[in-house]
Structure formats: C-alpha cells, structure tokens
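Counting starts at 1 for both ligands and their atoms, following the listed order. In this chain, residues are counted from 1 in sequence order.
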Amino acid sequence: MNKNQRIESEMIHGGDAPDHHFGSLATPIYQTSTFSFETAGQGERRFAGEENGYVYSRLGNPTVTVLEQRIATLEKGEKGLAFSSGMAAVSAVLTSLTKKEDHIICSNGLYGCTFGLLKMLEEKYSITHSFSHMESEEKLRSCIQENTTCIFVETPINPTMKVIDLSMVARVAKDAGIKVVVDNTFCSPYLQRPLELGCDIVLHSATKYISGHGDVVAGLVVGKEDYVQSLVKHEQKDMGGVLAPFDAWLLLRGLKTLHVRLDRHSSNAREIAERLQAHPKVKRVFYPGMDSPSQNAIVEKQMANTGGVISFEMKGSKQTAQHFMDQLSLIKIAVSLGDAETLVQHPATMTHAVIPEQERRRMGISDELIRLSIGLESVEDLWDDISQALHQI
Ligand SMILES: *Cc1c(COP(=O)(O)O)cnc(C)c1O
C-alpha cells in the first residue's frame with residue numbers, strides 16, 4: 001500500500017490485502033466461529049502465541065481484521081479493534097484505564113449511556129468523575145486529582161455541539177501523565193483525527209457515520225499497539241463484546257463512501273442551520289462554530305468540516321417541541337444519527353432522559369431542545385418539511 005495515499009483513497013483501500021482472498025474485490029465474509037489446526041502442535045503454538053493465525057472468532061476473525069486495519073489507517077493510529085457496539089467500546093476503554101477509586105475527567109456533556117456507565121462505575125467500584133467545560137488549560141488542570149487516570153472527551157458535544165480544543169487537552173494530559181480518550185462518533189476520521197492532535201485513544205460508535213446506512217450496531221477503538229493489545233487480551237477476550245464478521249463487512253462497505261456522504265451531510269446541515277437561525281419561531285441554533293468566533297477558531301483548527309448534526313431550541317416548551325416533531329413527515333422521529341435519512345429526536349425525553357434533570361440543564365439540554373441528524377435528501381425537501389412543521393405550531 002502507498003503510505004502517502006490521501007484519506008479518500010484510504011477509505012476504500014486502507015489496510016486491505018486482497019491477495020489473501022483469491023483476488024476478491026469485496027472483502028469476503030468469514031462466517032465461522034472457529035478455525036481448524038493442521039496438527040495438535042500447531043494448535044499449541046497458536047495458543048502460546050508463537051505462531052500467527054486465527055484460533056476462534058472471539059479472539060480474531062479475518063473479515064474483522066480488515067476493518068480494524070482500515071480504521072487504524074484512517075485514524076493514523078497503530079492498531080484498531082472492533083466491538084459489538086459503541087458502548088462496548090466505551091466500556092472496554094474506560095474499564096481498561098481505571099481501577100477501583102480512580103477518577104475520570106469528562107467533557108461537560110456526554111452521550112446518555114456513557115453517563116449511565118460512569119454512574120455505574122461510581123456506584124459499584126467507587127470510580128468517581130467530574131465534568132469540565134475544558135475552556136482553558138488552567139480550568140482543566142484544576143480538575144486533575146491525584147487519582148485521575150484519564151480525560152474522556154466528546155467534541156462536538158452531543159447534543160449541544162460545543163467544540164473542545166483537543167490539542168490543548170492533550171497538552172494538559174501529557175503534563176499530568178494521564179491519557180486522553182476521544183469519542184469521535186460525530187466527526188469520523190474524515191472530519192477530525194484526534195491522535196494526530198496528540199490524544200491517546202479514539203473510539204467510535206460505528207453505528208453512526210461509519211456505517212452510514214442505519215443497518216448495524218458497532219464500535220471501534222484505535223490507539224497505540226501495546227495499549228490495544230492489552231485491550232484485546234483483557235477487556236475484549238474476557239468480556240466478549242466482539243463484532244460479527246457480517247457487521248464488519250457492512251462497515252467496510254459504509255467506509256467506502258464516508259467522505260462523499262459527509263461532504264453532503266455537512267453542506268445540507270449548514271444550509272438548514274442558517275435557515276433555522278433566521279426563523280422567527282426558533283430561539284437558538286447549535287451548530288459547530290456558528291455564532292462564536294472562539295468556537296469557530298477551534299473548528300477551523302481541528303475539523304475538516306462541520307458535520308451533519310444540528311440542535312436547536314424552539315420558542316416555547318417541551319410540548320411545542322414535541323408538537324413540531326409530530327408535524328414532520330419526510331423527517332423521521334428516531335434516535336441515532338449519520339444515516340441517509342434525516343432523523344429528529346428530543347434529547348430531554350429520549351437520548352439524555354437517563355440524566356437527572358438538574359444535571360441535564362447544566363449540560364445545556366433544555367426541554368425545548370431538538371436534535372436533527374441531517375441526511376442525504378434534497379436540502380429543499382428537508383426545508384419544506386421543517387418550515388411547514390414550524391408553520392403549524
Ligand atoms: C451512539 C453513540 C454512542 C453509543 O454507541 P452504540 O453503537 O449505540 O452503542 C456513543 N457515543 C456517541 C457520541 C454516540 O452518538
């Protein structure tokens with residue numbers, strides 16, 4: 001493989017070795033749970049790690065390996081690892097970086113289930129966490145405790161779309177000797193590559209943009225070889241959240257068009273965000289870099305484009321927001337994001353309902369907040385649907 005290939009080519013070719021598959025252009029699906037050995041001695045050597053080769057699909061599968069190599073290439077990391085869901089990836093990474101009574105620093109806004117996992121870690125293992133806006137080095141540094149082992153960042157933050165300066169976070173973490181984990185689900189490696197900015201581990205809910213077609217639930221992690229190897233050995237092998245070969249194949253297929261899709265998701269979303277901003281029934285629009293020069297400077301520094309997710313607040317109440325959603329017809333009411341279909345959801349009662357109200361408000365999630373994952377339809381059809389729904393409330 002040409003090491004200097006651009007990212008668009010690597011979406012399609014990165015990490016692949018078609019010679020090993022009889023020249024098959026599409027990666028074959030190795031739908032097998034186990035692999036036979038030619039001799040008992042070979043079995044012994046494979047188990048002892050003295051000979052490379054597959055053993056059992058929870059420990060590795062050739063279709064999944066192609067995906068893991070491709071995501072590692074795209075994120076500019078040493079090694080990738082696939083999981084059965086984004087949350088399997090988040091939980092494996094967080095449990096690998098902590099032991100009982102450690103402390104985690106998080107961005108001031110997290111995916112709802114990541115928040116739920118942190119609560120569980122606190123209740124069962126006394127692993128505490130604190131939130132930071134991560135607006136400056138000083139503020140972030142002041143959150144570090146003696147028992148802090150990692151910083152967990154989402155940027156843009158779901159669903160308020162605030163961005164965090166990843167090279168600043170990486171600098172602070174390096175000084176303190178702790179790790180930075182970035183949930184890069186909203187960007188994908190096409191828009192943002194945290195490892196290039198000095199962060200240590202990047203993870204994805206591949207269910208979203210990487211799949212892109214709303215037909216698979218999956219997670220991915222990329223980091224240094226020795227770190228990922230220890231994740232394989234402990235968290236994944238023994239906790240077992242592995243990805244199925246067919247699901248890996250769907251993600252490989254999705255990746256081939258990721259760049260083309262995200263260009264359109266981004267241009268459609270920017271257009272809708274601007275039109276919403278100008279609408280009299282809309283109170284506020286949240287879209288990366290919009291309306292804030294300091295936020296925009298971070299977007300320009302670390303993101304190739306602004307992505308497909310928009311949040312906005314209606315003038316009114318929870319009922320106004322739900323009434324608006326019920327008037328939409330082309331746009332479907334569903335959680336998840338990154339699909340070809342435009343989806344709308346209500347964070348306070350859906351994705352972030354597990355978060356106590358007070359905490360939710362501190363994160364900027366009001367009852368009037370609506371999140372849109374802008375799809376690949378005609379932007380004019382999307383606007384027709386949104387503006388007729390706004391007109392009816
Ligand atoms: C969806 C999502 C997750 C969880 O991923 P699953 O694939 O649903 O388990 C984690 N982080 C973010 C930002 C997400 O959007």
Among protein heavy atoms, which sits nearest to [atom], and what does the distance come to when rounded to 0.1 Å?
atom	result
atom 4 (C) of ligand 1	Tyr111 CE2, 3.3 Å
atom 7 (O) of ligand 1	Thr207 OG1, 2.6 Å
atom 15 (O) of ligand 1	Lys208 NZ, 2.7 Å
atom 6 (P) of ligand 1	Gly86 N, 3.3 Å

Quiz item: In Å, rounded to the nearest 0.5 Å, how long is the span from CG of Asn158 to OG1 of Thr185?
Solution: 9.0 Å
Quiz item: Once you round to the nearest 0.5 Å, how far does OG1 of Thr63 lie from CD of Glu68?
Solution: 11.0 Å
Quiz item: Do Phe152 and Tyr111 have ring centroids that are under 6.0 Å from one another?
Solution: no
For [X], is at least one N or O under 3.5 Å away from an N or O on ligand 1?
X	result
Met87	yes
Glu154	no
Asp183	yes
Phe186	no

Practice problem: Run the contact test for Val90 against ligand 1 with a 4.0 Å cut-off on heavy atoms, strictly below, and give the result. | Solution: no
Quiz item: Between Ala206 and ligand 1, which part of the residue brings a heavy atom under 4.0 Å of the ligand: side chain, backbone, both or neither?
Solution: neither
Self-check item: Modelled atom types, side-chain donor and acceptor of His133 and Asn108, under 3.5 Å
Solution: yes
Practice problem: Considering the heavy atoms of Ala218, write down every atom of ligand 1 situated less than 4.0 Å from one of them. | Solution: 7 (O)
Practice problem: Provide the number and element of each atom of ligand 1 under 4.0 Å from a heavy atom of Ser85. | Solution: 7 (O), 9 (O)
Quiz item: Going through the checks in order, is the ring-ring contact (aromatic ring centres under 6.0 Å, His included) test met by His265 and Tyr209?
Solution: CA-CA 10 Å; His265 283 298; Tyr209 287 104; 5.2 Å; yes
Self-check item: Stepwise salt bridge (charged side-chain N to carboxylate O under 4.0 Å, His left out) test for Lys318 and Glu368
Solution: CA-CA 5 Å; Lys318 168 180 153 187; Glu368 313 89 79; over 6 Å; no
Quiz item: Cationic tip of Arg362 within the cone over Phe131's six-membered ring, i.e. under 6.0 Å and within 45° of the normal?
Solution: yes
Practice problem: Kindly give the heavy-atom pair with the smallest separation between Leu369 and His346, and that separation in Å. | Solution: O-CD2, 3.3 Å
